Each structure stands twice: as structure tokens, then as C-alpha cells.
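All remarks here apply to the structure that follows.
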Amino acid sequence: MKAYRASILWFASHSEGPARALFEADGMLVVGPNAAGTQVVQAVGAWRDVVGQYPGVAVEHLTGRIIAPGFVDLHVHYPQTNVIGSPADGLLPWLENYTFPEEKRFVDPEYSAQAAMFFIAELLRNGVTTALAFATSHPESVNALFAQAQAQSLRLITGLCLMDRNAPPELLNQSSASGRVDATEQSLLGSEALIRRWHGQDRLGYAITPRFAPSCTDAQLRGAGELAAKYPDVWIQSHVAENKDEVAWARELFPQSRSYLATYGDFGLMRKRAIYAHCIHFDDDDRALMRDTGAAAAISPTSNLFLGSGFFDYAGADRVGFQYGLASDVGAGTSFSPFHTMLGAYYVGREGQTKQGLSLSPQQLWWQHTAGAARALGLDGASGAPSVGNLLPGCEADFVVLNPQVTPLLARKTAIAANLDELLFAMIVLGDDRLIERTVISQGI
Ligand code: GUN
Ligand code: ZN
């Protein structure tokens, strides 16, 4: 058992979204093992209320620091660390000219291992303690990321990227060495083998990962849907409705579906634990399909602004009522920092405001990158699932220690914050990896 004395930020519940943030200027967080041996939050609240319940507990005093839930990145590509900041005339040329060439290198297990190590270090430096990540279409890349995440006890979900058409040959899923199994079938057999090897090991989870409908044949999407039915507690991740050229292409390739999003539904790929990146060019039928199936959107504002993809329609999502959370989408996204992503989301909300009267509060932004994103992943403690992205008792003890004095401007600005909104806004607007003094990961599963 260990306790921390600091200012503490957390949320009243996972399910009461959007945000109801709680803040104790002089708070106490108590962490200790649960019955299964996992380090979880035992108590959180005002110092004066909690301290008497834990006589003799070792306390670390973090004067002037803020403890907050570890961030949850709902969509990020580990093989695209080197691709950050590659300008292109929209999504499809960006994939062709920068992303696919870099992803080819992940056929090499050593290249994958060093990239995975760097990527995980970068997540932790930025306070990200749970990530749903893309790998490449090479099983080596998936094994490398899982192995590194396991070594660091990071809660990480990834899977083999499914691509059996419309990409360079080196990135298409490979057929079996004997040539008796074709690439499509081998990609599905390979996914299943990886599910059996990694899903549910320590803090790791598997995601069935069709890259996006244009990179997959009907047979591959059908097989992915069958796998999803066979393994209902694995995740699904893909991209949808990011860019107008991409939408038009997907409509040409799958004319029998009502919309691009509906293509995934038609192949059994929409359900709880299915996370679709972007979800920009939607109509209300698409939004209703998200709501009715329990799928969730990963909103990636820095990526959408960088590639000129468009603006996520927050008002539309809330009007119809589907779940969403924030994501870096590195390498189209420009930063691993959740502060940059939250600021990008704020700009996107302001763009929406001119049309729909929307402005996101700092608590909403923070919730979307912590408890809200955890809820979108089904990691909110419901039905016996683990709970992350919050600091309520029972949540896994993943948290960040923020130092609001770390730069002269942050110190100056946070010192005059008159309320929680002003404090959180100062950190969202001025914060980056320097603000994260320490990232603490739950141990001992
Ligand atoms: N759509 C298909 N693949 C990708 C990718 O790697 N990044 C983004 N932003 N969109 C995609
Ligand atoms: Zn992406």
C-alpha cells in the first residue's frame, strides 16, 4: 500500500459523460493490490478525509503537483513515428508517398523492436498509459509491440493490419510459406494465431484490424467479421469517412452498402469494442448506426487539421448520441502529447460553434482523453472489465504527476487560475511533455 499527497483530478464516474470533474487541492490517493494482485486505487479524496483511514501508510508528498488519470490514446500508429510532419495533398497521397514506404520496413523484427521501444517510451513520456494502436501487416511488427508493452506493463491493444489489395506488394498480407494458403486466408489465420497468443495476456488486448475498407477484399472483411463473432471480447479498429476522396473510393468498391460506414456493419464489424478513426463525413444514418451498434469514434484533431481532412461534428455526434474519445493518430497526427490533441479538439469545437453553437469545456476535453476514451474501449469497469482512465477506487493505478511550474509561462498562468476551468485550460493550451513529471503504471498483474 502506498499513498500520495498532492492536488488530484478525477471524474465522478465513467458513465456520466460528458465530464463531471472532481478536484481536491489537498488530496490523497491510496494505491494497493486488489484480490488478483493488481495495483488499483484504494481511496481518493481530500487529505483530511482519507488520511485517518490508512494509519501508518507510506506517503509520498508531492507538493505543488497535480495527480490526474493516465491518458488513453484511442488511435495511434506505432509504425508511423518517423512519418510525423510529412506534408501531402491529402490522405491518399500521404499514404502512398510517406506512410507505405516506412511501413515496409517493419518486415524486419529488429526494426520493429527498436521502433516499438521508442514508441512506448514516447507514450509514457507524454502520460499515455493505455493505447489502441495500429501495427503493420507483418506479424513481426505485432509481436514486437506486444512484447515491448508487456515488458513495460502498459495496457496496449493492437493487431495485424489487414490489407489484401490496393497497397504495395510488400504490404499486402503474405500467403503461407508453402504457398498452400492464400494471402487473404493467411491474414485471418495469422490474426487468430495472434489472438490466441496475446489477447488477455497481462494487460494486452487484441484488435482485429482491417486498415480501411479500400485495402480489403470482400473475402477479407467477411473473414474479419467472422473472427469478431468468434471472439466477442477482442477489439476491432479501422478508419472511416476521413477524407472525401477516400469516401468516394470506398463507395465505388462497395456499391452494395448504403454508405462507407455501413460497409463495416454489413460485414459484421460494428459492435461494442469497435473503434473507428475519424468519422468525419457522416450523415445521421451513419451516426445512428454507430449508436445502435455500440461502436465508438476516435477523434484525431491534429491529424485532421494536418491532412486537411475536415472537422469532426461534435454537435451531430451528441444529437444522435454515439460514443467517442480523443486520439493522437500519429503519424498523420502531429504530436504524442494529449495536451496538443485536446487543444486541437478545442479548435475543432470552435469551428463547430460558428455553425452549431458548440464550445468544448476543459473538463469535457480532458474526459474525452481519459475516462471517456476508456469507456469507448469498454475499459470502464462495467461487466467485470478492467477500469482505466479514472482514479475512482478499483481503477487500475495508472496516473500522471503534473508539474504546473515546469515552465515560466505555465507557472505564471496556473498561479492566477481562479477556478478549475482556468487551471485545466492553462495546461491544455500551454502543456506538452514537460508538464508530465512522472507517469506511474499499475504493476503486478
Ligand atoms: N486510412 C487508412 N490508413 C490510414 C493511416 O495510416 N492513417 C490515416 N490517418 N488514415 C488512414
Ligand atoms: Zn489512423
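Residue numbers start at 1 and run along the sequence shown. FYI, side chains are in, hydrogens and waters are out, and symmetry mates aren't considered; it's all heavy atoms of this structure. Note that ligands are numbered from 1 as they come in the structure, with each ligand's atoms numbered from 1 the same way. As the structure is a prediction and not an experimental result, all values here were calculated from the model.
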For this session: Could you tell me whether Gln80 and ligand 1 have an N or O pair separated by under 3.5 Å?
Result: yes
Exercise. Is there any N or O on Thr99 that sits under 3.5 Å from an N or O of ligand 1?
Worked result: no
So if I count the atoms of ligand 1 from 1 in the order they appear, which ones are less than 4.0 Å from some heavy atom of [X]?
X      : result
His278 : 9 (N)
Phe212 : 1 (N), 2 (C)
Ala332 : 9 (N)

Taking atom types as modelled, find out whether [X] and [Y] have a side-chain donor-acceptor pair closer than 3.5 angstrom.
X      : Y      : value
Gln443 : Ser153 : yes
Asn143 : Arg197 : yes
Gln237 : Thr209 : yes
Ser328 : Asp73  : yes
Asn173 : Gln220 : yes

Exercise. What is the ring orientation for Phe106 with Tyr78, classed by angle as parallel under 30°, tilted 30 to 60°, or perpendicular over 60°?
Worked result: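 Aromatic pair Phe106/Tyr78 classed perpendicular.
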Exercise. How are the rings of Trp198 and Phe146 set relative to one another: parallel (under 30°), tilted (30 to 60°) or perpendicular (over 60°)?
Worked result: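 Because their plane-to-plane angle is under 30°, the rings of Trp198 and Phe146 count as parallel.
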For this session: May I ask whether Trp94 places a heavy atom under 4.0 Å from ligand 1?
Result: yes
Exercise. Is there a heavy atom of Glu246 sitting under 4.0 angstrom from any atom of ligand 1?
Worked result: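 In this structure, Glu246 fails to qualify as a contact of ligand 1 - no heavy atom is under 4.0 Å.
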Exercise. Please state which protein non-hydrogen atom is closest to atom 3 (N) of ligand 1 and give its distance, to 0.1 Å?
Worked result: Arg211 NE, 2.8 Å
For this session: Note the single closest protein heavy atom to atom 9 (N) of ligand 1, along with its residue, its atom name and the distance in Å.
Result: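 Looking only at protein heavy atoms, the one closest to atom 9 (N) of ligand 1 is Glu242 OE2, 2.9 Å.
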Problem set entry | Ring centers of Phe322, Tyr276 separated by less than 6.0 Å | no
Problem set entry | Within residues 206-226 or reaching into it, pairs that qualify as ring-ring contact (aromatic ring centres under 6.0 Å, His included) - sequence neighbours excluded | none
Problem set entry | Presence of salt bridge, Glu396 and Arg203, under 4.0 angstrom |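 Judged by the 4.0 Å cut-off on N to carboxylate O distance, Arg203 and Glu396 do form a salt bridge.
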Seminar exercise, completed: Total protein N/O/S atoms sitting under 2.8 Å from the Zn ion (ligand 2), waters ignored, is 4
